[in-house]
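Accompanying notes for the structure given below.
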Amino acid sequence: LKSLELCRKEAQRRIELAAEIIDTFDREGQEAAFAIVRKGMGKKEMDEIRQLIGDMTARERLVLQSRRVMTEEALEMTLYIAAGGLGLCFTIMGFVFYQIAQENNRRRHVEQNLKSALGEMESLSQENQHISHMAEYLQSCRSPEEAYKLLEDIMPVLFPGSYGRISTFNNSRNLIE
């Protein structure tokens, strides 16, 4: 700002010198105006203005270069931070997806175990129903022959694919019939 004010003052002096040369030309003629120009005052003023502008330009270039370097460094840091953040996001997402997959596998395993247990419970429940019905039927039988016939019909349902015999103890419990 100081340099700009100094440059403005020098430009004002140059304008005043130019006005003086024109005024001299108008009042005293061409030769008197050329005499002022030959003294080199205008050139000296213009050289000072050029020097000031050159100095200001050089300082501004340095400031601009410094700002450019700072901007490039900030950009580079921003890119590193963004890349790190992106990498962290992908790592977290990968971990979350891994945990979800593990949880799905656990749930699938538990579901299979539950289905298996349910099937076993249904089978046991059905067997209990058959045994309960068989007990009711056997209690309603009036003779051992009727009970044998009933057992012959019910046993294949209770024990499919099994072979065997049914025997009874006699009343004294020393003989199997």
Side-chain angles (χ1 to χ4, degrees), residues 1-11 49-177:
L1 206 53
K2 203 179 222 184
S3 296
L4 194 59
E5 182 62 29
L6 191 57
C7 187
R8 190 187 66 76
K9 286 180 182 178
E10 289 294 328
I49 291 172
R50 285 186 192 103
Q51 181 63 40
L52 284 171
I53 291 173
D55 291 346
M56 286 179 11
T57 302
R59 280 193 302 270
E60 289 299 316
R61 281 191 179 132
L62 285 174
V63 170
L64 182 61
Q65 181 63 27
S66 171
R67 288 180 182 169
R68 183 177 292 133
V69 167
M70 288 174 33
T71 302
E72 288 172 357
E73 288 173 353
L75 174 64
E76 187 175 340
M77 182 60 74
T78 301
L79 289 175
Y80 285 140
I81 290 171
L86 191 59
L88 182 63
C89 285
F90 281 133
T91 302
I92 290 170
M93 284 176 53
F95 179 73
V96 167
F97 285 136
Y98 174 76
Q99 290 296 337
I100 289 170
Q102 291 289 27
E103 184 63 26
N104 281 343
N105 287 339
R106 279 190 287 258
R107 286 181 183 201
R108 196 174 302 120
H109 182 69
V110 167
E111 185 179 334
Q112 288 172 349
N113 288 343
L114 286 174
K115 283 181 181 179
S116 174
L118 179 63
E120 201 172 307
M121 298 257 314
E122 286 175 347
S123 174
L124 288 173
S125 174
Q126 198 173 29
E127 285 178 16
N128 281 340
Q129 283 179 347
H130 287 305
I131 290 173
S132 176
H133 288 307
M134 181 180 73
E136 288 175 12
Y137 291 144
L138 285 174
Q139 287 176 356
S140 68
C141 290
R142 295 181 188 188
S143 68
E145 288 77 24
E146 189 179 350
Y148 296 147
K149 176 68 177 142
L150 178 68
L151 286 173
E152 189 178 315
D153 292 340
I154 291 178
M155 288 310 224
V157 173
L158 283 177
F159 305 107
S162 300
Y163 300 99
R165 293 183 162 215
I166 296 181
S167 302
T168 59
F169 286 108
N170 64 1
N171 284 340
S172 62
R173 298 227 177 248
N174 61 0
L175 183 64
I176 295 179
E177 300 177 359

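Just so we're clear, the structure is a prediction, and the values are computed from it rather than from any experiment.
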Taking [X] for the side chain and [Y] for the main chain, is one N or O donor matched with an acceptor at less than 3.5 Å?
X	Y	answer
Ser132	Asn128	no
Ser66	Leu62	no
Ser125	Met121	no

Side chain proximity check, Glu111 to Arg108, heavy atoms < 4.5 angstrom: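 Not in contact.
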Non-hydrogen side-chain atoms of Arg68 and Gln65 separated by less than 4.5 Å: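 The answer is yes, as the side chains (C-beta and beyond) meet within the 4.5 Å cut-off.
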Between [atom1] of [X] and [atom2] of [Y], what distance do you get to the nearest 0.5 Å?
X	Y	atom1	atom2	result
Asn105	Gln102	CG	CD	6.0 Å
Thr91	Leu86	OG1	CG	9.5 Å
Met56	Leu6	CE	CG	9.5 Å
Arg59	Thr57	CZ	OG1	9.0 Å
Leu124	Ile131	CG	CD1	9.5 Å

State whether [X] and [Y] are salt-bridged, where the test is any N-O pair (Lys NZ or Arg NE/NH1/NH2 against Asp/Glu carboxylate O) under 4.0 Å.
X	Y	answer
Glu103	Arg106	yes
Arg8	Glu5	yes
Lys149	Asp153	yes

Side-chain H-bond candidate by donor/acceptor type, Tyr80 with Glu76, under 3.5 Å: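 Yes, side-chain donor-acceptor contact under 3.5 Å.
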Flag for Arg107-Asn104: side-chain donor and acceptor within less than 3.5 Å: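 The criterion, which ignores hydrogens and geometry beyond distance, is not satisfied for Arg107 and Asn104.
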Smallest separation among heavy atoms of Leu150 and Leu138, with atom names: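 The answer is CD2-N, 3.6 Å.
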Closest non-hydrogen atom pair, Ile53 against Cys7: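 Nearest heavy atoms, Ile53 then Cys7: CG1-SG, 3.9 Å.
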Audit row: Glu127, His130, side-chain contact (heavy atoms from CB on, under 4.5 Å) steps and yes/no: CA-CA 5 Å; Glu127 285 178 16; His130 287 305; 5.5 Å; no
